[in-house]
Protein chains: 2
Amino acid sequence: MHGTPRPPATPAQALAAMDHLIAAHLIGQQELARRLGLNVTDLTCFAFVLEAGDELLTAGDLAARAHVTTGAVTGILNRLERAGYVTRRPDPADRRRVRVAAVQDAVARVEAVYAGHYKRLNALFSDYSPEELAIITDWFTRATALAHEYLEKLNRNDPDEEC
Amino acid sequence: MHGTPRPPATPAQALAAMDHLIAAHLIGQQELARRLGLNVTDLTCFAFVLEAGDELLTAGDLAARAHVTTGAVTGILNRLERAGYVTRRPDPADRRRVRVAAVQDAVARVEAVYAGHYKRLNALFSDYSPEELAIITDWFTRATALAHEYLEKLNRNDPDEEC
DNA sequence: CGCAATCCCTTAGTTCGTGAGATATTCGGA
DNA sequence: TCCGAATATCTCACGAACTAAGGGATTGCG
């Protein structure tokens, strides 16, 4: 598909396309979580744990990223731990903290479930030239920055103010 | 930003960017719903109602689109109706059916809350040339098609098979 | 050293979804 | 025309998961 001309698009069309993708992705997440014996929140938190890598997250970090209370995190970790996805580890430097480590087996289990879709997505990506990919990634990066900026605005302002 | 060269990206980077965007979007949806006195499910359903326009959806249509049971839709419609977002209307052709119509005032209320973010997103989109936008929209469209294809695979197959 | 702050957990209460089944309506075939 | 099956929505009981409030342990600053 490299170099193939595409019909130009308007911002409105792009917005609509984006909404549809997000909606589809959400349903997919639910289904994936179900197959892993988790709910969407738990799966999302496990993804945060994986993303953090060796810099093990604390329970509080998870609460902040997932935007839930620390009480909820207790439940999330209980479920993830019981299902064999993570383990709680003491923090040697601060005994109030709980560090969350991913279980290696579970990583493979999750990757197996994601594999099919990721393979297809990768195929889709490799159907674009590096220059085209750069445009797409650039857009994602900027859109995400925008979304975060928006979130901060929402959290700062009175609950009824326009943002 | 037209024509400005950007660093090339790999599929993996693009995938990560996509995940982050969707995660941020989800949190944003929660906050927006909260401001409208709704939960995310209800807001999503209201969006489906708006998207359908004059072709009023039935309660069953909503259940299918939101992937919830018809029992849940009853609750969703009760909440949306009580909060003044929609009204239930009899279907003249089939008295078993319930048609869902958006309340005009509520449309404006929702648009006001969305306005800020949508304006910013639009600004972002209009920062790209039509050709660049075409690439982005094309990618969204194809990624959505992929996601739907994946969903169908998931729904068809045994719950444990690879897809 | 002592007190406030921090971190995670516990508990009670609420909300929302599912699954099973009830009720009302429509449709198709004898 | 009539009756049984299918369809559409609603009701109810129950369970899962979140919040808010507060408790106990630990830390760190004055």
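Chain letters run A, B, ... following the sequence lines, proteins first and then strands; every chain starts at 1. These figures come from a predicted structure and were not determined experimentally.
A donor atom on one side chain and an acceptor atom on the other are not found under 3.5 Å apart for D138(B) and T141(B).
Applying a 4.0 Å cut-off to non-hydrogen atoms, the residues of residues 38-58 of chain A that approach DNA chain C are T58(A), listed by residue number.
Each of T70(A) and A93(B) was assigned the nucleotide of DNA chain C with the nearest heavy atom; the assignment lying further toward the 5' end belongs to T70(A). Between R79(A) and R95(A), it is R79(A) whose nearest contact on DNA chain D lies nearer the 5' terminus.
A straight line from CG of L62(A) to P of dC8(C) spans 9 Å, rounded to a whole angstrom. Rounding to whole angstrom units, CD1 of residue I76(B) and P of dC16(C) are separated by 10 Å. Between the CG atom of L77(B) and the P atom of dC16(C) there is a distance of 14 Å, given to the nearest Å. The interatomic distance linking R82(B) (CZ) with dT15(C) (P) rounds to 9 Å, in whole Å. Between D94(A) atom CG and dA5(C) atom C1' the separation is 12 Å, expressed in whole Å. For the pair Q30(B) CD and dT15(C) P, the computed distance is 16 Å after rounding to whole Å. Rounding to whole angstrom units, CZ of residue R97(B) and P of dT26(C) are separated by 10 Å.
The shortest side-chain heavy-atom distance between E131(B) and I135(B) does not fall under the 4.5 Å cut-off. Taking the side chain as every heavy atom from C-beta outward, V100(A) and T58(A) never approach each other to under 4.5 Å.
Residue R99(B) is classed as having no contact, given no heavy-atom separation below 4.0 Å to the nucleic acid. A59(A) comes within contact range of the sugar-phosphate backbone alone, with a heavy-atom separation under 4.0 Å but no base atom that close. Backbone-only contact: G60(B) has heavy atoms under 4.0 Å from sugar-phosphate atoms and none from a base.
Hydrophobic clustering places L62(B) together with V68(B) (ILVMFWY residues linked when any side-chain heavy atoms are closer than 4.5 Å, directly or through intermediates).
Ring geometry, F125(A) versus W139(B): the interplanar angle falls under 30°, so the pair is classed parallel (tilted spans 30 to 60°).
The only member of V40(A), L26(A), T44(A) that meets side-chain contact (heavy atoms from CB on, under 4.5 Å) when paired with L26(B) is L26(A).
Boundaries of the chain A contact region on DNA chain D are dA17(D) to dT27(D), first to last in 5' to 3' order (nucleotide atom under 4.0 Å from a heavy atom).
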- Task: For DNA chain D, just give me the dot-bracket, please: Watson-Crick or G-U, both distances below 3.5 Å, ( ) intra-strand, [ ] crossing earlier pairs, | paired with another strand, . unpaired.
- Result: ||||||||||||||||||||||||||||||
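Both the sub-6.0 Å distance and the 45° axial angle are satisfied by R109(A) relative to the ring of Y85(A).
For the OP1/OP2 pair of dT18(C) and a distance below 4.0 Å, the side-chain nitrogens and oxygens of T69(B) include at least one atom meeting the criterion. In this model, the phosphate group of dA24(C) is not approached by any side-chain N or O of R96(B) to a distance below 4.0 Å at OP1 or OP2.
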- Full working for side-chain hydrogen bond (donor to acceptor under 3.5 Å, both in side chains) between E51(B) and H20(A): CA-CA 11 Å; E51(B) 192 182 355; H20(A) 287 137; 3.1 Å; yes
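A distance-only check finds a donor-acceptor pair linking the side chain of E132(B) to the backbone of S129(B) [under 3.5 Å]. Here the side chain of T137(A) pairs no donor or acceptor atom with the backbone of A134(A) at under 3.5 angstrom.
In the displayed structure, R88(B) atom CZ is contacted under 6.0 Å by more than 12 heavy atoms of other residues, nucleotides or ligands.
Between D127(A) and R142(B), at least one side-chain N (NZ, or NE/NH1/NH2) sits under 4.0 Å from a carboxylate O, which counts as a salt bridge.
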